[in-house]
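Just so you know, these numbers use all the heavy atoms, side chains as well, and skip hydrogens, waters and symmetry mates.
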Amino acid sequence: RDFMNDFNFSIIIPTYNSELGLKETINSIISQTLNFKDNIEVVIVDRDSEDRTEEICRQYQQDYPDNVKFIQLDSTSLEKSKDEGIKHSSGKFISFLEPHDHYSKNTLLDISSFINKNDDVNLIIIPIIYFKNGRKVHYLNKKLKKTIPIDLLKQPEYCQFIGLSTFFKNDSNKQINDIPHADITFFSEKLIDNPNLGVCSTGTYYSNNIDEKIYPKSSLKIDAEYYEKFIAQNLNYLIEKSLDKFNNVPEFIQLSLINHLRWLLSVRETSENIDLTKLHDIIKNINDKLLLTNNLLVHEHKIFSCLLKY
């Protein structure tokens, strides 16, 4: 089975020294109530691990030769390993599952049922539960109470800012930029192409290996070259893409820009001075009401953004 869209789902697992918890992650896919052998493939992309990760993955590949792919790369970035996984995915929908994380048993069956009823949706999100230090609901879950399709042009507040728990249609060769947080841009671009977002409230992504960060650490440090590259390849790109499609920047993309701003405005140290006028060109595309009433920026950043805008 090696032709495009032979499976309903491709689950990409990017690994690096991930032997602890990896079996639980893979088993959560194999044990889904949606039949594994007929509907699901697992694409594991390893970044030159030095522990037993390869041994574990090879065993699953041997046990499920039609359903498990194992790709080994030289040491590379997480974003590049995700891109490699996309290239090797043959499922109709793709998602990323971090090692040590897992799905609830009915997740893929419930998403499949939703897709069958809503064929105009290209991107679907499910709730996230953190379980590393006790059960904790992700702060965005409050928007995911019902299983419904959402038109983001009419309900922009449903815009999602995380790559975890997102399933997207395997219909393009778009790449994830080799920059941290670029997955937000990757998914935002897909929503510009098709602003219909699916919410599947009954699925669950259980996350163990990340901490919820509503606001960045005040000690965030990056170099100026990275800072400008991030603005050009993510923020400017989304604005240009929106203007081409809508002749304006819709509110759900403005919210995505604000989400990026909360990180960029938290930078305290760079290798050289940052040209803040580059942020002005971003902020001018965000309407004042959204800039002042959003829940993503702290108060001081809202004031600074308005001053920079005018």
Legend entry - Any donor-acceptor pair under 3.5 Å from Glu41 side chain to Ile11 backbone: no
Inset, instruction - Please report the C-alpha distance between Lys145 and Ser201 in whole Å, then the side-chain angles of each, then the deciding distance to 0.1 Å, and finally whether the side-chain contact (heavy atoms from CB on, under 4.5 Å) criterion is met. - result: CA-CA 6 Å; Lys145 300 296 186 182; Ser201 63; 5.9 Å; no
Inset, instruction - With the side chain counted from C-beta on, respond yes when Leu22 and Ile44 share a heavy-atom pair under 4.5 Å apart, and no when they do not. - result: no
Legend entry - Phe93 and Phe9 aromatic ring geometry - parallel, tilted or perpendicular at 30°/60° bounds: tilted
Could you list the donor-acceptor pairs under 3.5 angstrom formed between side-chain atoms of residues 23-31 and any protein atom two or more places apart in sequence or on another chain?
from: Thr25; atom 1: OG1; to: Gly21; atom 2: O; distance (Å): 3.2
from: Thr25; atom 1: OG1; to: His100; atom 2: N; distance (Å): 2.8
from: Thr25; atom 1: OG1; to: Asp101; atom 2: N; distance (Å): 3.4
from: Thr25; atom 1: OG1; to: Asp101; atom 2: O; distance (Å): 2.8
from: Asn27; atom 1: OD1; to: Tyr60; atom 2: OH; distance (Å): 2.8
from: Asn27; atom 1: ND2; to: Lys23; atom 2: O; distance (Å): 3.1
from: Asn27; atom 1: ND2; to: Tyr60; atom 2: OH; distance (Å): 3.4
from: Ser28; atom 1: OG; to: Thr25; atom 2: O; distance (Å): 2.8
from: Ser28; atom 1: OG; to: Tyr103; atom 2: N; distance (Å): 3.4
from: Ser31; atom 1: OG; to: Asn27; atom 2: O; distance (Å): 2.7

Legend entry - Student check: side-chain heavy atoms of Asn196 and Asp151 closer than 4.5 Å: yes
Legend entry - Non-hydrogen side-chain atoms of Ile282 and Ile231 separated by less than 4.5 Å: yes
Legend entry - Of Thr33, Thr202, Thr147, the residue whose pairing with Asp110 passes side chain to side chain donor-acceptor pair (under 3.5 Å): Thr202
Legend entry - Electrostatic pair Lys80:Glu84 at N-O distance under 4.0 angstrom: no
Inset, instruction - Test Leu291 against Gln254 for side-chain contact (heavy atoms from CB on, under 4.5 Å), laying out the working first. - result: CA-CA 9 Å; Leu291 198 58; Gln254 292 181 42; over 6 Å; no
Inset, instruction - Run the ring-centre check on His102 versus Tyr205 and record whether the distance is less than 6.0 Å. - result: no
Legend entry - Ile13 side chain near Val45 side chain, heavy-atom distance below 4.5 Å: no
Inset, instruction - Quick one: pull up CD1 in Ile71 and CD in Gln61 and give me the separation to the nearest 0.5 Å. - result: 9.5 Å
Inset, instruction - Using a strict 4.0 Å threshold on nitrogen-to-oxygen distance, state whether Lys241 and Asp193 make a salt bridge. - result: yes
Inset, instruction - Run the salt-bridge test on Lys309 and Asp288 with the 4.0 Å N-O cut-off and return the result as yes or no. - result: yes
Legend entry - Distance-only donor-acceptor check, side chains Ser104 and Thr107, under 3.5 Å: yes
Inset, instruction - May I ask you to test the Lys169-Val121 pair for a side-chain heavy-atom distance under 4.5 Å? - result: no
Inset, instruction - For the pair Asn67 and Lys37, evaluate side-chain contact (heavy atoms from CB on, under 4.5 Å) and give the outcome as yes or no after the intermediate values. - result: CA-CA 6 Å; Asn67 297 79; Lys37 288 191 175 182; 4.1 Å; yes
Legend entry - Side-chain donor or acceptor of Asn170 paired with backbone N/O of Ser89 under 3.5 Å: yes
Legend entry - Non-hydrogen side-chain atoms of Ile124 and Ile115 separated by less than 4.5 Å: yes
Inset, instruction - Show your working on side-chain contact (heavy atoms from CB on, under 4.5 Å) between Ile303 and Leu307 and close with a plain yes or no. - result: CA-CA 6 Å; Ile303 300 302; Leu307 292 173; 4.1 Å; yes
Inset, instruction - Would you kindly say whether Gln72 and Asp48 are connected by a side-chain donor-acceptor distance under 3.5 Å? - result: no
Legend entry - Heavy-atom side-chain contact between Phe7 and Lys92 under 4.5 Å: no
Legend entry - Closest approach of Asn8 to Asn39 (non-hydrogen atoms, all atoms of both residues): ND2-OD1, 2.6 Å
Legend entry - Donor-acceptor pair between Asp51 and Tyr16 side chains, under 3.5 angstrom: no
Inset, instruction - Using only heavy-atom distances, determine whether the side chains of Asn236 and Glu240 contain a donor-acceptor pair under 3.5 Å. - result: no
Legend entry - Exam field: side chain Glu251 to backbone Leu153, donor-acceptor pair closer than 3.5 Å: no
Legend entry - Pair Thr53-Glu19, side-chain donor/acceptor within less than 3.5 Å: no
Legend entry - Check: Gly91 main-chain N/O paired with Asp6 side-chain donor or acceptor under 3.5 Å: no
Inset, instruction - Work out which heavy atom in Phe167 is nearest to a heavy atom in Ile126; give both atom names and the distance. - result: CE1-CD1, 4.0 Å
Inset, instruction - Report yes if some heavy atom in the side chain of Val42 is under 4.5 Å from a heavy atom in the side chain of Lys69; otherwise report no. - result: no
Inset, instruction - Locate the shortest heavy-atom distance separating Ser10 from Ser90; write the atom from each residue and the value. - result: OG-N, 3.3 Å
Inset, instruction - Give a yes or no answer on whether the side chain of Lys190 reaches the backbone of Pro195 with a donor-acceptor pair at less than 3.5 Å. - result: no
Legend entry - Least distance between heavy atoms, Asn194 atom then Lys245 atom: N-NZ, 4.5 Å
Legend entry - Joint hydrophobic cluster, Phe246 plus Ile253, side-chain heavy atoms closer than 4.5 Å: yes
Legend entry - Donor on one side chain, acceptor on other, Glu189 and Tyr237, under 3.5 Å: yes
Inset, instruction - May I ask you to decide whether Glu55 forms a salt bridge with Arg52, counting only side-chain N to carboxylate O separations under 4.0 Å? - result: yes
Legend entry - Any donor-acceptor pair under 3.5 Å from Asn287 side chain to Leu290 backbone: yes
Inset, instruction - Could you verify whether a donor N or O on one side chain and an acceptor N or O on the other, from Asp46 and Ser49, lie under 3.5 Å apart? - result: yes
Inset, instruction - Taking the six-membered ring for Trp and the full ring for Phe, Tyr or His, determine whether the centres of Tyr158 and Phe252 are under 6.0 Å apart. - result: no
